[in-house]
2 protein chains.
Amino acid sequence: MNSSLDGFDIKILRLLQDNASLTNQELGDNVGLSASQVSRRRQRLEQEGVIRRYKASLDPDRLGLTVTAYVGVTLGAHSRQNAKRFRDMVVAMPEVQEAHTLTGDVDYMLKVVVTDLKALSRFINDELLPHEAVQNVRSSIAMETLKDDNLLPLG
Amino acid sequence: MNSSLDGFDIKILRLLQDNASLTNQELGDNVGLSASQVSRRRQRLEQEGVIRRYKASLDPDRLGLTVTAYVGVTLGAHSRQNAKRFRDMVVAMPEVQEAHTLTGDVDYMLKVVVTDLKALSRFINDELLPHEAVQNVRSSIAMETLKDDNLLPLG
DNA sequence: TAAGATAACGCACAGAAAGTGCACATAAGT
DNA sequence: ACTTATGTGCACTTTCTGTGCGTTATCTTA
């Protein structure tokens, strides 16, 4: 059923998450397989959900998005309703690229991308803090991005 | 030269970063343009660097990568050599998906993905802490991922 | 080990998508 | 109003994808 991945699959995945523009022929040349076989393996990987989707990776700077920040949020009363509503709100916010619940004293970690510091300030003060569930917000601004590729370690 | 983006471009980018499998025809239908025009606009956006690449987005769980953590690193002596070497090391580490320098007391923020807690412990204790530049490491484990799509807010 | 079954493979072909030349339209500048 | 730039759709060529099919390899069981 959910057959585990062999070496070919791993190699194909590694290449594809780095560059999904590669043709099946190019992938095949790299891993030692024919284009048709690569096609079949890709179909299988997509159907099994190993490959979730294909995305275009855009350059934030060229889109005027100059500020990335990590925002830690601590909720006050840990009532279920409030937490649920907070999560729904956060997930729906376009500025939020990533959102996780954490272990430890901080409840949520958000990765936020906005046009400038003013927008970050507005985001925190006008959108986050007014929510009744939020007790405390601590943000850290990313000065320099060293790596942002979000490639998973395979093999 | 670097012509700014019009409404068509924005719409195309928005669709593509969410689903790069859409054909030019489908994109055109969505934004009200012919396939050939979408093709030309995409070429331009790729050449200008607005679109950096296309990537396959994989499911970490199905690859046995169950633990995501945010790791804050504080360096000791702020010597340039050490900082440079630390950065090079971090960028080369496959477990590190994202790496930023921060404002404030913590110098670096890393997003790390590994197979399990044991691997996280090993990563921190055997790879990060032994580096001579590192003074302190504080990690926070992501329990639940609410959002992880890394889509930029456009328009 | 031999025989049959199952899975994986490459090749060839058909359908689909991408990208370019070209003629027309629309907007901008002189 | 005329000229130039840029943008557009259509038609066509090239490239890519995906499937049918016969063959090879691997696994199972007697």
Side-chain angles (χ1 to χ4, degrees), chain A residues 1-59 61-65 149-152 154-155, chain B residues 1-59 61-65 149-152 154-155:
Chain A
M1 177 139 306
N2 194 3
S3 63
S4 79
L5 312 171
D6 66 9
F8 287 128
D9 292 326
I10 299 293
K11 283 182 189 169
I12 291 171
L13 291 173
R14 208 174 349 229
L15 289 164
L16 275 181
Q17 75 169 338
D18 188 58
N19 178 10
S21 298
L22 292 169
T23 66
N24 290 333
Q25 184 64 52
E26 289 170 322
L27 289 166
D29 292 345
N30 270 284
V31 306
L33 228 46
S34 68
S36 62
Q37 284 320 301
V38 174
S39 173
R40 274 185 258 260
R41 280 171 182 270
R42 278 176 62 167
Q43 282 180 277
R44 199 191 69 222
L45 293 167
E46 288 162 16
Q47 193 172 3
E48 285 176 356
V50 180
I51 297 175
R52 286 194 288 208
R53 73 221 283 215
Y54 297 92
K55 308 196 309 186
S57 167
L58 310 182
D59 186 334
D61 287 336
R62 308 222 180 210
L63 294 163
L65 298 162
D149 51 16
N150 275 275
L151 303 186
L152 297 176
L154 299 181
Chain B
M1 175 138 309
N2 194 1
S3 64
S4 78
L5 312 171
D6 66 11
F8 289 127
D9 293 326
I10 298 293
K11 283 182 188 169
I12 291 171
L13 291 173
R14 211 178 340 234
L15 289 165
L16 275 180
Q17 76 169 338
D18 188 56
N19 179 9
S21 298
L22 292 169
T23 67
N24 290 333
Q25 183 64 52
E26 290 170 322
L27 289 166
D29 292 345
N30 270 284
V31 306
L33 229 45
S34 69
S36 61
Q37 283 321 300
V38 174
S39 173
R40 274 186 259 260
R41 281 173 182 269
R42 277 176 61 168
Q43 282 180 277
R44 199 192 69 224
L45 293 167
E46 288 163 14
Q47 193 171 3
E48 285 176 355
V50 179
I51 297 174
R52 287 193 288 206
R53 74 218 289 212
Y54 298 92
K55 307 195 310 186
S57 168
L58 310 183
D59 185 334
D61 287 335
R62 305 220 181 214
L63 295 163
L65 298 162
D149 52 15
N150 274 274
L151 303 185
L152 297 175
L154 299 179

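The chains referred to below are lettered A, B, ... by the order of the sequence lines, with proteins before strands, and numbering in each begins at 1.
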Strictly below 4.0 Å: does A:Asn24 bring a side-chain N or O up to OP1 or OP2 of D:dC16?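 Indeed not, no polar side-chain atom of A:Asn24 lies that close.
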
Below 4.5 Å, heavy atoms only, C-beta onward: do B:Leu45 and B:Leu5 meet side chain to side chain? yes

Please check if any side-chain donor atom of B:Tyr54 sits under 3.5 Å from a side-chain acceptor atom of B:Gln17, or the reverse. no

Any donor and acceptor pair, going by atom type alone, linking the side chain of A:Glu26 with main-chain N or O of A:Thr23 inside 3.5 Å? yes

Quick one: does any side-chain atom of A:Arg52 pair with a main-chain N or O of B:Ala56 as donor and acceptor, under 3.5 Å? no

Would you name the heavy atoms of B:Arg42 and B:Leu22 that are closest together and state the gap between them?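 For B:Arg42 versus B:Leu22, the nearest heavy atoms are NH1-O, 3.9 Å.
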
Write down the atom of A:Leu154, the atom of A:Arg14, and the distance for their closest heavy-atom approach. O-NH1, 2.8 Å

Walk me through whether B:Arg44 and B:Val50 qualify under side chain to side chain contact (heavy atoms under 4.5 Å, CB included). CA-CA 9 Å; B:Arg44 199 192 69 224; B:Val50 179; over 6 Å; no

In whole Å, what is the span from the [atom1] atom of [X] to the [atom2] atom of [N]?
X	N	atom1	atom2	answer
B:Phe8	D:dT6	CZ	C1'	14 Å
B:Ile51	C:dA18	CD1	P	13 Å
A:Asp9	C:dA8	CG	P	10 Å

Check step by step if side chain to side chain contact (heavy atoms under 4.5 Å, CB included) holds for A:Leu63 and B:Leu13. CA-CA 10 Å; A:Leu63 294 163; B:Leu13 291 173; 4.0 Å; yes

Would B:Lys55 and A:Asp149 pass as an ion pair if we require N to O under 4.0 Å? no

Between the side chains of B:Asp6 and B:Arg41, is the shortest nitrogen-to-carboxylate-oxygen separation below 4.0 Å, so that they form an ion pair?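 The answer is yes: the pair qualifies as a salt bridge.
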
With side chain to side chain contact (heavy atoms under 4.5 Å, CB included) as the criterion, how do B:Leu27 and B:Leu15 come out once you've worked through the C-alpha distance, each side chain's angles and the decisive distance to 0.1 Å? CA-CA 7 Å; B:Leu27 289 166; B:Leu15 289 165; 3.7 Å; yes

Have a look at D:dA5 and give me syn or anti from its glycosidic angle (syn if within 90° of zero).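 Syn for D:dA5; the angle stays within 90° of 0.
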
Which ranges of DNA chain C pair up as stems, where a stem means three or more consecutive Watson-Crick or G-U pairs with both distances under 3.5 Å? C:1-25 with D:6-30, C:27-30 with D:1-4

Sorted by number, the residues of residues 10-18 of chain A with heavy-atom contact under 4.0 Å to DNA chain C: none

Here the residues of residues 25-43 of chain B within 4.0 Å heavy-atom distance, strictly under, of DNA chain C are B:Ser36, B:Ser39, B:Arg40, B:Gln43

